[in-house]
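For reference, the structure is listed below as structure tokens.
Quick note: residue numbers are just sequence positions, from 1. Every heavy atom of this structure was used, including side-chain atoms; hydrogens, water molecules and symmetry mates were not.
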Amino acid sequence: MAFELICTWVDRSIPRFFKEGICCLSAEMGDSEVDNVDVETAWKALSSSGGAQLVDVRTRAEWTYVGIPDLGGLGKRPVLVEWQTFPDQTVDPRFAERLAGELKALGVSPDDDLFFICRSGSRSLAAAEAMATMGFRACHNVAGGFEGPLDDDRHRGAIGGWKAAGLPWLQS
């Protein structure tokens, strides 16, 4: 059953979802909780489990100019579905429906591990929570994201995340 999720931002980083007029925070979602994992844990799971999928929820601009995780050596590709659109950063109200369709086409079951990644771990957490409410029972947020946090010089990609861990990635 597809339903529309509307996300508003509280304190600019805590996602709240409204489903059928009822507001809840992720900690109150019971069996739809999402855990945080580091990039190495995600890579190990993607490497060892055929059903595990990486879902990159960044924008098309980020995929194009910053790069994407390279899962070719695992015989996989990341599933690319924007959580927010560029440049206005509006949350896609059809995100869960669109991603569920992509996952179904790949033969992913609601019990397969889904690893959600964005730049640094915030958008991916919101996206993972949205999919958990749709009945996907093994949603994980890749907390360090693709680029990780800012370093002392206000640059990303050096002290945390997929790239800094030396995991494979491609840039177009």
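- Residues F146 and V39 form no side-chain contact, since every pair of their non-hydrogen atoms from C-beta on lies 4.5 Å or further apart.
- For R58 (side chain) and W63 (main-chain N/O), no donor-acceptor pair under 3.5 Å exists by modelled atom type.
- Pairs passing the salt bridge (Lys or Arg N to Asp or Glu O under 4.0 Å) check and including a residue from residues 36-50, sequence neighbours excluded, do not occur.
- In this structure, the side chain of Q84 engages the main chain of Q89 through a donor-acceptor pair within 3.5 Å.
- A donor-acceptor contact shorter than 3.5 Å is absent between the side chain of S49 and the backbone of L46.
- The only option from L71, L106, D112 that meets the side-chain contact (heavy atoms from CB on, under 4.5 Å) definition with Q53 turns out to be L106.
- Under a 4.0 Å N-O distance rule, the pair E62/R123 qualifies as a salt bridge.
- Judged by distance alone, the side chains of S109 and D111 never bring a donor and an acceptor atom under 3.5 Å apart.
- Residues F116 and L125 are not in side-chain contact: their nearest non-hydrogen atoms beyond the backbone lie 4.5 Å or more apart.
- Side-chain atoms of K163 do not come within 3.5 Å of backbone N or O of G67 as any donor-acceptor pair.
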Item to complete: Begin with the C-alpha distance, continue with both residues' side-chain angles, and end with the deciding distance and a verdict on side-chain contact (heavy atoms from CB on, under 4.5 Å) for L54 and I117.
Response: CA-CA 7 Å; L54 182 67; I117 194 167; 3.9 Å; yes
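- Between R60 and E82 there is a salt bridge, with a side-chain nitrogen of the basic residue lying less than 4.0 Å from a carboxylate oxygen of the acidic one.
- Using a 4.5 Å heavy-atom threshold, the side chains of L99 and M131 count as touching.
- Residues near F86 contribute nothing to a hydrophobic cluster around it, because no ILVMFWY side-chain heavy atom sits closer than 4.5 Å to its side chain.
- Listed by first and then second residue, the side chain to side chain donor-acceptor pair (under 3.5 Å) pairs involving residues 140-153 are D35-H140, N36-N141, D113-H140, S124-N141 (not counting sequence neighbours).
- The backbone N or O of W43 sits less than 3.5 Å from a side-chain atom of S47, completing a donor-acceptor pair.
- In this model, no donor atom of one side chain and acceptor atom of the other lie less than 3.5 Å apart for W83 and D92.
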